[in-house]
Student: 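This is the structure I want to talk about, given as structure tokens.
Whatever order the structure lists them in is the order used to number ligands and atoms, beginning at 1. Basis for what follows: all heavy atoms, side chains included, without hydrogens, waters or symmetry-related copies.
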Amino acid sequence: MLASKIVCCFYFFGFCGLVVGQYVPPYTEECRSGTYPPSGPTFKGQAPWYKINLDISPRQRWHQLISDKKAELNSLIQGIKDLANAFFPSGKLVELVDKYMGPLADTLPFPFGDEIKGIAEAADIPLGEIVLFNVFYELFTVCTSVVAEDKTGKLFHARNLDFGLFLGWNATTHAWKVTEQLRPLVVNLDFQRNNATVFKSVNYAGYMGILTGIRPKAFTLTMNERFNIDGGFIGILEWLLGKRDGMWMGFLTRQVLENATSYEEAKNKLAQTKLLAPAYFILGGNKSEEGCVITRSRAASLDIWEISLKQGRWYVLETNYDHWKDPLFLDDRRTPAMKCMNRTTQANISFGTIYDVLSTKPVLNKLTTYTTLMDVSEGKLETYLRDCPNPCMPW
Ligand SMILES: *[C@@H]1O[C@H](CO)[C@@H](O)[C@H](O)[C@H]1NC(C)=O
Ligand SMILES: *[C@@H]1O[C@H](CO)[C@@H](O)[C@H](O)[C@H]1NC(C)=O
Ligand SMILES: *[C@@H]1O[C@H](CO)[C@@H](O)[C@H](O)[C@H]1NC(C)=O
Ligand SMILES: *[C@@H]1O[C@H](CO)[C@@H](O)[C@H](O)[C@H]1NC(C)=O
Ligand SMILES: *[C@@H]1O[C@H](CO)[C@@H](O)[C@H](O)[C@H]1NC(C)=O
């Protein structure tokens, strides 16, 4: 009974895709240039910085951030509940989430169970809703990530995070409601131990996992969703039903950023740990040719695709499709992104030219919430909030 309700709850979010009311033709454009430093209508400000102190208890460490973002987090969760109630007007779905998802916090590995309780307390939101909210990020991220090496061997790692597909289309504003509500939750985090940075990340306040992060001087890491038949829904269903030998993807990336000290160590952990859902891990190191895309099934690494200067491959770029296969024709962000990377050439790669690539439609689209640029050798991470005014692809 519980299982069927939960399946139903997940299907509901997939189903929203079928009711997107409006057809919007594809919008593509010539490779952009001169977009950096960011300005104009596609730029909505820089993400603010917060410190997360790993020396204080997991239950306390998110308190400051969540207190500051309480109103925005509540409004997002209310938005998701409104969507749910539009499908199940009895309010039963939300009731079930509150009742059954909350206790699952106790099954999460340390420190995530305590952290999630601390987040729910600080936000004044039922624990089950925060648990569900954390599940979402593992399942609805469509993105573009790239690791590139310049002529001097310096590595850059950048990404667009596109999120909110199928989560409510507003036909008046031509925007995804959830994507709009997420933008004010984007924060840069500086995770510290003994008052020193261990790693930095970009998060939506309320989510404990990591989709984008840097361990200064050592490596950079991003995660992209990988859609697959044996996909996240099955793994998460198994986890809900008590088979818990797989790891949440966003928790693995966080553990790697917290504990691994080199590119090789990070690569091995990302390739070998059993997961709840398939994923792409995009990893950059700190010296020449250290950049790869790890294509994961739940059980194992299927492929590791690395920068290889000998083969003329000075960058690796990943959207949401296996690199050896064609992307879905309705959603080809890879070809335009690679076209613009190729035009830029290795001689001219920089924060500025990578930002140009990530600002070119449809690499930039209606789902894009932020663009992050990372430079491992300088330990630098910059996050820009994005918008894509019409005409613009909905994904
Ligand atoms: C669409 O967005 C506009 C502006 O934010 C808002 O006033 C309107 O209520 C939204 N429509 C729906 C159906 O949510
Ligand atoms: C961190 O810095 C603060 C203020 O500068 C100081 O009070 C505290 O003792 C330091 N903590 C550690 C673990 O060094
Ligand atoms: C690169 O990372 C390795 C492993 O963490 C470290 O020993 C080395 O000093 C780093 N090199 C640079 C140039 O930062
Ligand atoms: C970009 O260059 C690479 C390497 O030369 C090539 O394999 C790829 O097809 C090019 N892609 C596009 C879209 O131009
Ligand atoms: C790349 O840089 C070189 C030298 O700085 C310049 O001549 C060339 O026009 C640049 N190419 C592009 C595509 O910007």
Side-chain angles (χ1 to χ4, degrees), residues 26 28-32 50-58 60-61 64 144-157 190-200 213-221 255-270 283-293 303 305-319 321-329 331-349 353-354 356-358 360-363 374-381:
T28 57
E29 62 185 355
E30 272 305 298
C31 299
R32 300 292 309 271
Y50 282 85
K51 245 183 247 172
I52 302 293
N53 185 350
L54 294 169
D55 294 323
I56 62 176
S57 77
Q60 290 301 319
R61 62 175 64 134
Q64 181 64 50
T144 303
S145 291
V146 59
V147 184
E149 176 171 336
D150 75 5
K151 284 286 192 194
T152 69
K154 188 178 164 76
L155 289 162
F156 296 100
H157 189 157
D190 185 344
F191 286 79
Q192 298 193 344
R193 221 178 258 134
N194 299 321
N195 284 344
T197 297
V198 181
F199 68 97
K200 302 180 202 176
I214 180 170
R215 180 138 178 146
K217 311 263 185 230
F219 60 88
T220 50
L221 173 58
Q255 287 188 345
V256 165
L257 280 156
E258 225 171 297
N259 301 317
T261 55
S262 70
Y263 173 76
E264 284 304 325
E265 188 185 349
K267 188 160 92 177
N268 290 336
K269 282 202 183 132
L270 294 167
L283 181 68
N286 67 7
K287 57 175 186 284
S288 179
E289 299 200 305
E290 285 188 344
C292 66
V293 175
D303 180 78
W305 188 44
E306 301 201 86
I307 291 179
S308 165
L309 299 180
K310 272 194 300 290
Q311 293 176 46
R313 193 160 60 240
W314 55 276
Y315 69 88
V316 285
L317 186 143
E318 177 58 51
T319 59
Y321 303 93
D322 297 344
H323 72 84
W324 59 93
K325 291 183 190 155
D326 285 335
L328 184 68
F329 73 99
D331 177 33
D332 186 4
R333 287 162 287 124
R334 183 208 289 168
T335 306
M338 288 183 72
K339 186 182 84 182
C340 298
M341 287 296 288
N342 289 359
R343 283 208 192 154
T344 302
T345 73
Q346 190 184 9
N348 292 338
I349 205 72
T353 51
I354 294 179
D356 287 338
V357 174
L358 294 176
T360 301
K361 297 170 194 172
V363 184
M374 296 184 281
D375 174 343
V376 69
S377 58
E378 295 187 24
K380 210 157 69 176
L381 177 151

Student: Any idea which protein heavy atom is nearest atom 14 (O) of ligand 4, and the distance to it?
Tutor: N342 ND2, 3.0 Å
Student: Tell me the protein heavy atom at minimum distance from atom 6 (C) of ligand 3, and give that distance in Å.
Tutor: N286 ND2, 4.2 Å
Student: For ligand 4 and K339, I'd like to know whether there is a polar contact (N/O to N/O, distance under 3.5 Å).
Tutor: no
Student: How close does the nearest protein non-hydrogen atom get to atom 10 (C) of ligand 2, and which residue and atom is it?
Tutor: N195 ND2, 2.5 Å
Student: Which protein non-hydrogen atom lies closest to atom 5 (O) of ligand 3, naming both residue and atom, and how far is it?
Tutor: T261 O, 2.5 Å
Student: So which heavy atom on L155 is nearest to which on K287, and how close?
Tutor: CD1-O, 3.3 Å
Student: Answer yes when E258 and R193 have at least one side-chain N-carboxylate O distance shorter than 4.0 Å, and no when they do not.
Tutor: yes
Student: Flag the pair K154 and E378 as a salt bridge only when some basic side-chain nitrogen lies within less than 4.0 angstrom of an acidic carboxylate oxygen.
Tutor: yes
Student: Indicate whether atom 8 (C) of ligand 4 is within a distance of less than 4.0 angstrom of some protein heavy atom.
Tutor: yes
Student: Go through the steps to decide whether E265 and R215 satisfy the test salt bridge (charged side-chain N to carboxylate O under 4.0 Å, His left out), and finish with yes or no.
Tutor: CA-CA 13 Å; E265 188 185 349; R215 180 138 178 146; over 6 Å; no
Student: State plainly whether the residues R334 and D332 are in salt-bridge range, i.e. N to O under 4.0 Å.
Tutor: no
